[in-house]
4 protein chains.
Amino acid sequence: MIGMPTKSQAAPNRKPPRHPPQQARSRRTREKLIEAAVECFERHGFDDTTTAMIASEAGVAVGTVYNYFTDKREIILELFEATDREIADEVIAQLDPASWRGSIDPRDRTRSLIDVIFHAQRLRPGIQRILWAQYFKDPEFREPFEALRNRIRVAIDAFIVAVDEAGLCRSGLDREMASFVVLNAVQWNSSQAFLNEDPAFRDAAADETAELVARYLFV
Amino acid sequence: MIGMPTKSQAAPNRKPPRHPPQQARSRRTREKLIEAAVECFERHGFDDTTTAMIASEAGVAVGTVYNYFTDKREIILELFEATDREIADEVIAQLDPASWRGSIDPRDRTRSLIDVIFHAQRLRPGIQRILWAQYFKDPEFREPFEALRNRIRVAIDAFIVAVDEAGLCRSGLDREMASFVVLNAVQWNSSQAFLNEDPAFRDAAADETAELVARYLFV
Amino acid sequence: MIGMPTKSQAAPNRKPPRHPPQQARSRRTREKLIEAAVECFERHGFDDTTTAMIASEAGVAVGTVYNYFTDKREIILELFEATDREIADEVIAQLDPASWRGSIDPRDRTRSLIDVIFHAQRLRPGIQRILWAQYFKDPEFREPFEALRNRIRVAIDAFIVAVDEAGLCRSGLDREMASFVVLNAVQWNSSQAFLNEDPAFRDAAADETAELVARYLFV
Amino acid sequence: MIGMPTKSQAAPNRKPPRHPPQQARSRRTREKLIEAAVECFERHGFDDTTTAMIASEAGVAVGTVYNYFTDKREIILELFEATDREIADEVIAQLDPASWRGSIDPRDRTRSLIDVIFHAQRLRPGIQRILWAQYFKDPEFREPFEALRNRIRVAIDAFIVAVDEAGLCRSGLDREMASFVVLNAVQWNSSQAFLNEDPAFRDAAADETAELVARYLFV
DNA sequence: TATGAATGAGAGTTCATTCAT
DNA sequence: GATGAATGAACTCTCATTCAT
């Protein structure tokens, strides 16, 4: 049994388990295809990327693409899900009160939240643009996008509740809307900040966004 | 400016405005085409709208579309310019300190700003989506878009300067970033609020956004 | 008004009047396409004829094919309808008792029936094979085929009734089934006879088929 | 024929029947594949059945299909041969004068002929259609098909000869064409009768077809 | 100017077949 | 023998754009 340590942790079981990746080669090809797709999308955008490009970039035949994905759109959906599950997990972990050791200063936590959301943008910035374009264009894309937003919003809400219970919220805060407003402010500031290449600008934007949120939430 | 007779002779191919009624019909056709395009874009999105659809919706032949626009993209560019000039003018007018009569209370002004940006969303919400999608997708589209954003940002900045000079800003405000952060917060909150059909929700979102901005800017 | 004699007899008005053939060029192109399709189908069969082949044979671009037909199948359907309306009209005219002048000898009439059905096969024999193949393969094709068969069957039935009323039928004839049985015997004998290239064979087959039917129907 | 020991050494690559059980499994797989193919062809037709479907229906991998058949067409050829050998054997056995015991009444024999051909239709009616379609479409398919038809025709001819020698044929019968005409009449009447689900209709059609043939052949 | 038939490059997608394991 | 991932030629169909009328 020595040498099969990864096996038991496998089986993530995506919706239709299209390919129970029995074979290592298969798994490898799928990864190559995703990587190739990312590369192509970043270079040409979604619409101007052809399946032939992706195949050639991955070093396989066109038909192979269709052994792994039903169509081009499924690739970008998968890409979105992979990218954003990662983001959401990180964000939500940061916001979880259970994870707060030592420092309970909500300003620190807020700063962490902003950092983690801003930080998430740094992953494949080219892809973020593609994903936003798709969000605005493709109604079917909107749904998983909103689902992600909602997960984050709920986490923000829980965070605010925790802060409030610690008596640190300003009085008169409309908790119902607060998470909505904060989420939007952070989401769009981070997106726009990362359309600017300058790291200093990005940092300054993160600082100010933190300030914006903190002044809104706390005493 | 009096009498420019030679000019029209110098450019012989420049439609001599011989028949104003024809010009009027021409303008009318152009408008019909734009309206038809809006209709189609809202229904099917930009990419899935064919020039044939637009022509048919406008009640003209395909060829006619190309008598008025060099290509499909020009239509949406024109659309963007029309839509957003409208928005920008309104927003900027509201923010101009010169327009403030009586009430100089910056909280009122902030609320006006938020209102006017939220209000802009109600214009052809389907088209806003299309424009955003185009913004993220088409590099050539980015430029005029950024230009617009920048006009608004500059106006916000001027507004903050005016407020600051009146001694009403909180100390330590990074004026450089403030307009960026505020613009983003307001822009995205209004966009997202208008994906919700409920007017009460939209109002509440506007209120909270105003609160967010006011707490950030003022003492 | 001189020189437009055909116009008033036009407008056959097919189901969706896809192309009210306003322009002569348009009508001409459509004809070219049909002819080209026949040519290609005869040479390569239906499935192995590509739309590109048809276009090239017709001397037009691929896209043009799709200006006139929604897809390849519509071409063969149209072809079937054109071919077989022609056949049916001829057959039914022959069988109509109202058309009998002078000779009322049912044997002559039967012979006419067989002749006209056999004769119909001589139109584009290559196409007949294609149509039969399609009949067996494509359920949607079966329907118009059966409709044609039924028109002929009804005509045969009327013919038998007329013969019967003239007291020329043999006694004990099951008129219910007779038209079915006769139709099948004639249809398949003519089809199979025309898979043989030899005209003499075809004639002999026609003779014997007439004999078969006459002995079955008459005293 | 005694002792051919060297032969098996001479053809070393010819699977030495070492393991009868494996051969049995092999035969079983082949049968599974044929059955699966029949199933698929009936459901989707020949062209729309993919080798992948057949493999999956048979519960084997695609590659396995190619271990048993050189290509897709070979499957249907084999199917044709199996189906129609069955039919032909039955038909020909019935028509063989040597099999006539007792009753030599040709009307009974005719009825047997019709019955046996009609009866053959009940075998996999879906497949019959597929085979006919292939017959009209694929020239290579035509040959074995014609061969079968010819075997039956020859048998019918022999039957007529026997009847004639017994002095029971009507005078003036063109024996050359008679078998052709009778074969077609029976073949197509049975095919069409079986497109109707009603057993009573089928029986009536068989009766009338028998009448048709009997009146044609006999005094 | 308006028309709408014609264009044709090029996209997405399929699937019979191969072959390394 | 069995497997199933990989192949890639080939097909259908689309649609922005042109241009003769």
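The sequence lines fix the lettering, A, B, ..., with proteins before strands; numbering per chain opens at 1. None of the values given here were measured: they were computed from a predicted structure.
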Applying a 3.5 Å limit to both distances, which nucleotide forms a Watson-Crick or G-U wobble pair with F/dT21?
E/dA2

Starting at [atom1] of [X] and ending at [atom2] of [N], how long is that distance when rounded to a whole Å?
X	N	atom1	atom2	result
A/Met53	E/dG12	CE	C1'	13 Å
C/Arg73	F/dC13	CZ	C1'	16 Å
B/Asp48	E/dG12	CG	P	13 Å
A/Lys32	F/dA5	NZ	P	14 Å
B/Leu33	E/dT3	CG	P	10 Å
A/Phe46	E/dA11	CZ	P	14 Å
A/Phe69	F/dA5	CZ	P	14 Å
A/Arg30	F/dA6	CZ	P	11 Å

Would you indicate which nucleotide in F/dA2, E/dG12, E/dT7 comes nearest to any side-chain atom of D/Arg25?
F/dA2

Does [N] have its OP1 or OP2 closer than 4.0 Å to a side-chain nitrogen or oxygen of [X]?
X	N	value
C/Tyr66	F/dT14	no
D/Lys72	E/dT17	no
B/Thr29	E/dT1	no
A/Thr64	F/dT7	yes
B/Thr51	F/dC15	no
B/Tyr68	E/dA2	yes

Looking at D/Val60, is its backbone amide N or carbonyl O close enough to the side chain of D/Thr64 to form a donor-acceptor pair, meaning the two atoms are under 3.5 Å apart?
no

At 4.0 Å (heavy atoms only), tell me whether D/Thr49 reaches a base, stays on the sugar-phosphate, or touches nothing.
sugar-phosphate

Give A/Val65 one of three labels, base, sugar-phosphate or nothing, depending on what nucleic acid heavy atoms sit under 4.0 Å from its own.
nothing

Has the side chain of C/Asn67 got a donor or acceptor that lies under 3.5 Å from a partner of the other kind on the base of E/dA6?
yes

Ignoring hydrogens and angles, answer whether the base of E/dA16 and the side-chain atoms of D/Asp71 contain a donor-acceptor pair closer than 3.5 Å.
no

Could you check B/Gly63 against A/Ala61 and say which one's nearest nucleotide on DNA chain F is further toward the 5' end?
A/Ala61

Between C/Glu35 and C/Arg30, is a salt bridge (Lys or Arg N to Asp or Glu O under 4.0 Å) present by the stated rule, with each step listed?
CA-CA 9 Å; C/Glu35 277 168 39; C/Arg30 174 170 259 269; over 6 Å; no

Show the numbers, then the answer: is there a salt bridge (Lys or Arg N to Asp or Glu O under 4.0 Å) between A/Asp138 and A/Arg73?
CA-CA 10 Å; A/Asp138 182 345; A/Arg73 199 212 233 164; 2.7 Å; yes

Mapping B/Gly59 and A/Asp47 to their closest nucleotides on DNA chain E, which lands nearer the 5' end?
B/Gly59

Of A/Ala52 and D/Val62, whose closest DNA chain E nucleotide lies nearer the 5' terminus?
A/Ala52

Tell me whether the rings of C/Phe145 and C/Trp132 are parallel (<30°), tilted (30 to 60°) or perpendicular (>60°).
tilted

Over 60° means perpendicular and under 30° means parallel, so tell me whether A/Phe136 and B/Phe136 are parallel, tilted or perpendicular.
parallel

With the side chain counted from C-beta on, respond yes when C/Arg129 and C/Gln134 share a heavy-atom pair under 4.5 Å apart, and no when they do not.
no

